Amino acid sequence: MERNLSTQIMGRYFSQLGKKELSCQCRKKIYAEYRCILANAQDIGKRNPLLSAYVMAAWFIAMNRKSGLSPEENYQLLMDGLRSSRIFRMTMGDADHYLDPKRIEKQTKWAESTQKRRYEEDWVVNLLPGNGEYDLGYDYLECGICKLCRREGCPELAKYLCRLDFMFAETMGLHLERTSTLAEGGNKCDFRFSRKKQSDAGPIKKTPV
């Protein structure tokens, strides 16, 4: 993958998330490994809406190689860092943004483009419009994160990144239902997003760990 300003900025951003828990030297080693992973990674398109997820996967792989922590500890460190990040919350937006018709129109075109399989390590996605049971659905038939982890010889790490999807949905004020993931042997990842109902208000449920 070609190194560009976006991957540099995201790498610097992720390196700040564990600033309190990881030493400066450790974070430098992780960043160097992250750059090596991306240098060997396949191109998935500069305007791919899942580029940040792909880059985060590269960072998580680098963490597991250089931090000295277990995958579970690295996952917790990454999740806690994102949760406490104001930049992350601003970037994610809210349910109105995620379910905006104009955004869904763009996402539909992107999902259709993935069917051409132009990029080897890209996702292949079907977008499902709301049907009364949910407001927006995705069926991921191929996953860029799984492909990256598999090529890097650590397919077992992909399932940790899958867990973050529930926290992402919670941050946006959405409810996510999912019954299977490619990372754990399913034939697809079936995302079903719904707006949280008024009756759902109450104590925030802990993200699955």
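Given the structure is predicted, the values throughout are model-derived calculations rather than measurements. This chain uses plain numbering: 1 for the first residue, then up along the sequence.
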Asks: Are Tyr119 and Met1 linked, directly or through intermediate hydrophobic residues, by side-chain heavy-atom contacts shorter than 4.5 Å (ILVMFWY only)?
Replies: no

Asks: Consider ring-ring contact (aromatic ring centres under 6.0 Å, His included). Of Phe166, Tyr140, Tyr138, which one does Phe191 pass it with?
Replies: Tyr140

Asks: Quick check: closest heavy atoms across Pro71 and Asn64, and the distance to 0.1 Å?
Replies: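 Shortest heavy-atom contact: CA-OD1, 3.1 Å.
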
Asks: Would Phe14 and Ile87 show up in the same hydrophobic cluster when neighbours are defined by side-chain heavy atoms closer than 4.5 Å?
Replies: yes

Asks: Any chance you could lay out the side-chain contact (heavy atoms from CB on, under 4.5 Å) test for Leu148 and Ile37, step after step, and finish with the verdict?
Replies: CA-CA 9 Å; Leu148 177 62; Ile37 293 170; 4.3 Å; yes

Asks: Does the side chain of Tyr134 come within less than 4.5 Å of Glu177's, by heavy atoms?
Replies: no

Asks: Tell me the closest heavy-atom pair linking Lys147 and Glu120, and the distance in Å.
Replies: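 Closest heavy-atom pair between Lys147 and Glu120: NZ-O, 3.1 Å.
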
Asks: With rounding to the nearest 0.5 Å, note down the distance linking CG in Asn48 to NZ in Lys46.
Replies: 13.5 Å

Asks: Does Asp122 form a side-chain contact (heavy atoms from CB on, under 4.5 Å) with Thr114? I'd like the steps, not just the answer.
Replies: CA-CA 7 Å; Asp122 197 1; Thr114 67; 4.3 Å; yes

Asks: To the nearest 0.5 Å, what is the distance between CG (Leu182) and SG (Cys146)?
Replies: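 One finds 5.5 Å between CG of Leu182 and SG of Cys146.
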
Asks: Provide the closest heavy-atom pair for Arg103 versus His97 in the form atom of the first, atom of the second, distance.
Replies: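 Between these two residues, the closest heavy atoms are CD-O, 3.2 Å.
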
Asks: Taking a hydrophobic cluster as the set of Ile, Leu, Val, Met, Phe, Trp and Tyr residues connected by side-chain heavy atoms closer than 4.5 Å, whether directly or through intermediates, do Met167 and Leu176 fall within one such cluster?
Replies: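 Cluster IDs for Met167 and Leu176 match.
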
Asks: Counting C-beta onward and ignoring hydrogens, is there a side-chain heavy-atom pair between Asp135 and Leu174 closer than 4.5 Å?
Replies: no

Asks: Do the non-hydrogen side-chain atoms of Leu51 and Met10 ever get within less than 4.5 Å of each other?
Replies: yes

Asks: Can you give me the closest heavy-atom contact between Pro129 and Leu127, atom names plus distance?
Replies: CD-O, 3.8 Å

Asks: Where is the tightest heavy-atom contact between Ala41 and Arg151, given as atom of each residue plus distance?
Replies: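 Minimum heavy-atom separation between Ala41 and Arg151: CA-NH2, 3.0 Å.
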
Asks: Applying salt bridge (charged side-chain N to carboxylate O under 4.0 Å, His left out) to Glu72 and Arg163, what does each step give before you reach the verdict?
Replies: CA-CA 11 Å; Glu72 193 69 40; Arg163 298 182 191 178; 3.0 Å; yes

Asks: Linking I/L/V/M/F/W/Y whenever their side-chain heavy atoms sit closer than 4.5 Å, directly or via other members, would Ile104 and Leu50 fall into one cluster?
Replies: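 In one cluster with Ile104: Leu50, yes.
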
Asks: Ring-plane angle category for Tyr160 and Phe60, please: parallel below 30°, perpendicular beyond 60°, tilted otherwise.
Replies: tilted

Asks: Any side-chain donor-acceptor pair under 3.5 Å between Gln8 and Asn4?
Replies: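 There is no such pair between these side chains.
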
Asks: Cluster question for you: counting only ILVMFWY and a side-chain heavy-atom cut-off of under 4.5 Å, with indirect links fine, are Val55 and Trp110 together?
Replies: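 Yes, same cluster.
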
Asks: Go through the steps for Leu78 and Met56 under the test side-chain contact (heavy atoms from CB on, under 4.5 Å), then give the verdict.
Replies: CA-CA 9 Å; Leu78 179 60; Met56 183 174 66; 4.1 Å; yes

Asks: Kindly say whether Arg83 contributes a backbone atom to a donor-acceptor pair with the side chain of Arg89 at under 3.5 angstrom?
Replies: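 Confirmed, Arg89 side chain pairs with Arg83 backbone.
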
Asks: Applying salt bridge (charged side-chain N to carboxylate O under 4.0 Å, His left out), run through Asp165 and Arg178 and close with a yes or a no.
Replies: CA-CA 10 Å; Asp165 294 321; Arg178 190 173 64 196; 2.7 Å; yes

Asks: Between Tyr13 and Ser85, do the side chains contain an N or O donor and an N or O acceptor separated by less than 3.5 Å?
Replies: yes

Asks: Using side-chain heavy atoms (C-beta onward) and a distance below 4.5 Å, is Ser70 in contact with Glu73?
Replies: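 Yes, their side chains come closer than 4.5 Å.
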
Asks: What I'd like to find out is whether the side chain of Glu170 reaches to under 4.5 Å of the side chain of Lys196, using heavy atoms alone.
Replies: yes

Asks: Do Thr108 and Glu105 meet the criterion of a side-chain donor-acceptor pair at a distance under 3.5 Å?
Replies: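 Judged by distance alone, the side chains do not pair up.
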
Asks: If I take atom CG from residue Leu17 and atom CE from residue Met63, how far apart are they, to the nearest 0.5 angstrom?
Replies: 8.5 Å

Asks: Are side-chain heavy atoms of Arg65 and Lys29 found at a separation under 4.5 Å?
Replies: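 When only atoms from C-beta onward are counted, Lys29 and Arg65 do not touch, as no gap falls below 4.5 Å.
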
Asks: For side-chain contact (heavy atoms from CB on, under 4.5 Å), just list the numbers for Ser6 and Ile9, CA-CA rounded to whole Å, side-chain angles, deciding distance to a tenth of an Å, and then say yes or no.
Replies: CA-CA 5 Å; Ser6 293; Ile9 291 174; 5.9 Å; no

Asks: Looking at the rings of Phe88 and Phe168, which for Trp means the six-membered one, are their centres under 6.0 Å apart?
Replies: yes

Asks: Are the charged groups of Lys159 and Glu184 less than 4.0 angstrom apart, N to O?
Replies: no

Asks: Working to the nearest 0.5 angstrom, can you tell me the gap between Trp59 CH2 and Ser15 OG?
Replies: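 Between atom CH2 of Trp59 and atom OG of Ser15 there are 5.0 Å.
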
Asks: Check Cys189 against Thr181 and note the closest heavy-atom contact, atom names and distance.
Replies: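 Shortest heavy-atom separation between Cys189 and Thr181 comes out as SG-CA, 3.6 Å.
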
Asks: Once rounded to the nearest 0.5 Å, what's the spacing between atom CD1 of Ile145 and atom SG of Cys162?
Replies: 7.0 Å

Asks: Do Arg86 and Met90 come within less than 4.5 Å of each other through their side chains, counting heavy atoms only?
Replies: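 In short, these two side chains touch, coming nearer than 4.5 Å.
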
Asks: Looking at Asp43 and Arg118, does any basic side-chain N land under 4.0 Å from a carboxylate oxygen?
Replies: no

Asks: Does the ring centre of Tyr98 sit less than 6.0 Å away from the ring centre of Phe193?
Replies: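 Aromatic pair counts; centres sit under 6.0 Å.
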
Asks: Quick one about Asn126 and Glu112 (side-chain donor to acceptor, distance below 3.5 Å, no hydrogens or angles considered), yes or no?
Replies: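 No, no side-chain donor-acceptor pair sits under 3.5 Å.
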
Asks: Is it the case that the side chain of Asp139 and the backbone of Leu128 share a donor-acceptor pair, with hydrogens and angles ignored and the cut-off at 3.5 Å?
Replies: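 Answer holds: no.
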
Asks: Starting at NZ of Lys28, measure out to NZ of Lys66 and round the result to the nearest 0.5 Å.
Replies: 15.0 Å

